[in-house]
Amino acid sequence: MVIGRLVRDDIGPITLSAARFTIAAVFFYLLLQRTAKVVRPSGASLLLLGGMALAGVILFSPLLYWGLHFTTAVNATLINGTGPLFTGLLAALLLGQPMHARAICGALLALAGVIWLISGGSASFWQQTHYNAGDLLVLASVATWGIYSIFSSRATRQMSPAAATAWSIFLGLPVLWGMAAWELYLSPIGLSFKLVAVILYLGLGPAAIGFYAWNQGVARLGASGAMAFYNTLPLYGALLGALSLGEPIGQTHVIGGLLIIGGGFLAARSR
């Protein structure tokens, strides 16, 4: 989210998404070539992969990056804290999977940790926070990620998480290319070392390794169980800030981190 906010004036949200998934597609193509037997989807699995492609590849990233044009990384992080509750509700509505009391408590506990971590435990934080249309776009991206996770939980029953992740990217990428071509026609970009480095990182990090690891977790915990750990995002941000920028870790970070991790494990144990 921080990087998406950083390059918002350098590249359009769709072009950035298409570029990062192109890098990820190359990664997965090479990975699958090393597999003894490459699974080619068909029938019901193709529909599930198409759902993953639409929700996670075509919609999620552009909505998130578009929202970051208008809102702050802090607002986006807070809104993402609602992800586990969103996904649990969607899983109940679409799959008939009941939300157990332990899962609800875990999601609420982790959300409380996110709020505590971002606000610093100060009530004055809410007086300085302003909401805008970008927040609605980020909220929409959270909903699409929940849908992606639900499709993933079904697709990984029929094929490996690596194959499911790869084929969903392969299916969604041509659509992103077409949308990016139109965006580039309207708003051409100028390549720079910073932008190339960002695209490479987003392609190999979040889009390739991140999506693959996520779908591995979804295969084991289900959509609702995996989403409980989605709220570790701001915790990693604080830890990376301490390690790379020398930012201090205080009592606020410790309390928020314990709430987030505790909520994640509580929700996961409901599975």
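Numbers here simply count residues along the sequence, with the first being 1. Please read all numbers here as calculations on a predicted model, not as lab measurements.
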Worksheet item: Should Phe70 and Leu136 be regarded as members of a common hydrophobic cluster, given that ILVMFWY residues are connected when their side-chain heavy atoms come within less than 4.5 Å of each other, either directly or indirectly?
Response: no

Item to complete: Test side-chain contact (heavy atoms from CB on, under 4.5 Å) on Ser141 and Trp66 and set out the steps.
Response: CA-CA 10 Å; Ser141 77; Trp66 190 17; over 6 Å; no

Worksheet item: With the 4.5 Å side-chain cut-off for hydrophobic clustering, are Ile209 and Met52 part of the same group?
Response: no

Worksheet item: Among the clusters formed by ILVMFWY side chains lying less than 4.5 Å apart, do Ile189 and Tyr185 turn up in the same one?
Response: no

Discussion item. As an exercise, state the distance from OG1 of Thr15 to CE of Met179, rounded to the nearest 0.5 Å.
Written reply: 9.5 Å

Worksheet item: Within the distance-only criterion (no hydrogens, no angle test), does the side chain of Arg154 pair as donor or acceptor with the backbone N or O of Ile150 below 3.5 angstrom?
Response: no

Worksheet item: Does any non-hydrogen side-chain atom of Pro62 lie less than 4.5 Å from one of Leu176?
Response: yes

Practice prompt. Could you check whether the rings of Trp145 and Tyr148 sit parallel, tilted or perpendicular, using 30° and 60° as the cut-offs?
Written response: parallel

Worksheet item: What are the two closest heavy atoms between Val7 and Lys194, and how far apart are they?
Response: CG1-CE, 4.3 Å

Worksheet item: Does a donor on one side chain sit under 3.5 Å from an acceptor on the other, for Trp214 and Thr165?
Response: no

Item to complete: Could you tell me the separation between the OG atom of Ser61 and the CD1 atom of Ile14, rounded to the nearest 0.5 Å?
Response: 11.5 Å

Discussion item. Please give me the minimum heavy-atom distance between Phe27 and Ala208, naming the atom from each residue.
Written reply: CD2-CB, 3.6 Å

Discussion item. Contact between Phe28 and Leu31 at the side-chain level, heavy atoms closer than 4.5 Å - yes or no?
Written reply: yes

Discussion item. Same cluster or not: Phe193 versus Tyr201, using hydrophobic residues (I, L, V, M, F, W, Y) connected whenever any side-chain heavy atoms lie under 4.5 Å apart?
Written reply: no

Discussion item. Using the rule that Ile, Leu, Val, Met, Phe, Trp and Tyr join whenever any side-chain heavy atoms are under 4.5 Å apart, tell me whether Leu47 and Leu49 fall into a single cluster.
Written reply: no

Discussion item. Set out, in order, the CA-CA distance, both residues' side-chain angles and the distance that settles side-chain contact (heavy atoms from CB on, under 4.5 Å) for Ile199 and Thr22, then state yes or no.
Written reply: CA-CA 10 Å; Ile199 290 172; Thr22 299; over 6 Å; no

Discussion item. Would Leu64 and Val138 count as a side-chain contact (heavy atoms from CB on, under 4.5 Å) here? Give the steps.
Written reply: CA-CA 5 Å; Leu64 177 60; Val138 175; 4.3 Å; yes

Discussion item. Distance check, rounded to the nearest 0.5 Å: Ile11 atom CD1 versus Arg20 atom CZ?
Written reply: 11.5 Å

Discussion item. Once rounded to the nearest 0.5 Å, what's the spacing between atom CD of Gln216 and atom OG of Ser160?
Written reply: 7.5 Å

Worksheet item: Only one of Val26, Ile169, Leu16 forms a side-chain contact (heavy atoms from CB on, under 4.5 Å) with Phe21, so which one is it?
Response: Ile169

Fill in: Ser17 versus Pro13, closest heavy-atom pair with distance
OG-O, 2.9 Å

Discussion item. Please find the pair of heavy atoms, one from Leu173 and one from Ala18, that lie closest to each other, and give the distance.
Written reply: CD1-O, 3.8 Å

Item to complete: For Ser152 and Asn215, work out which heavy atoms get closest and say how close.
Response: OG-OD1, 2.6 Å

Worksheet item: Leu54 pairs by side-chain contact (heavy atoms from CB on, under 4.5 Å) with which of Val175, Leu171, Leu59?
Response: Leu59

Worksheet item: Looking only at heavy atoms, which two atoms of Ala164 and Thr156 are closest? And how far apart?
Response: CB-CG2, 4.2 Å

Discussion item. If I take atom CZ from residue Phe211 and atom CZ from residue Phe60, how far apart are they, to the nearest 0.5 angstrom?
Written reply: 6.0 Å

Fill in: Spatial distance of atom OG (Ser168) from atom CD1 (Ile58) [nearest 0.5 Å]
10.0 Å

Discussion item. Set out, in order, the CA-CA distance, both residues' side-chain angles and the distance that settles side-chain contact (heavy atoms from CB on, under 4.5 Å) for Leu202 and Tyr65, then state yes or no.
Written reply: CA-CA 12 Å; Leu202 291 177; Tyr65 293 143; 3.6 Å; yes

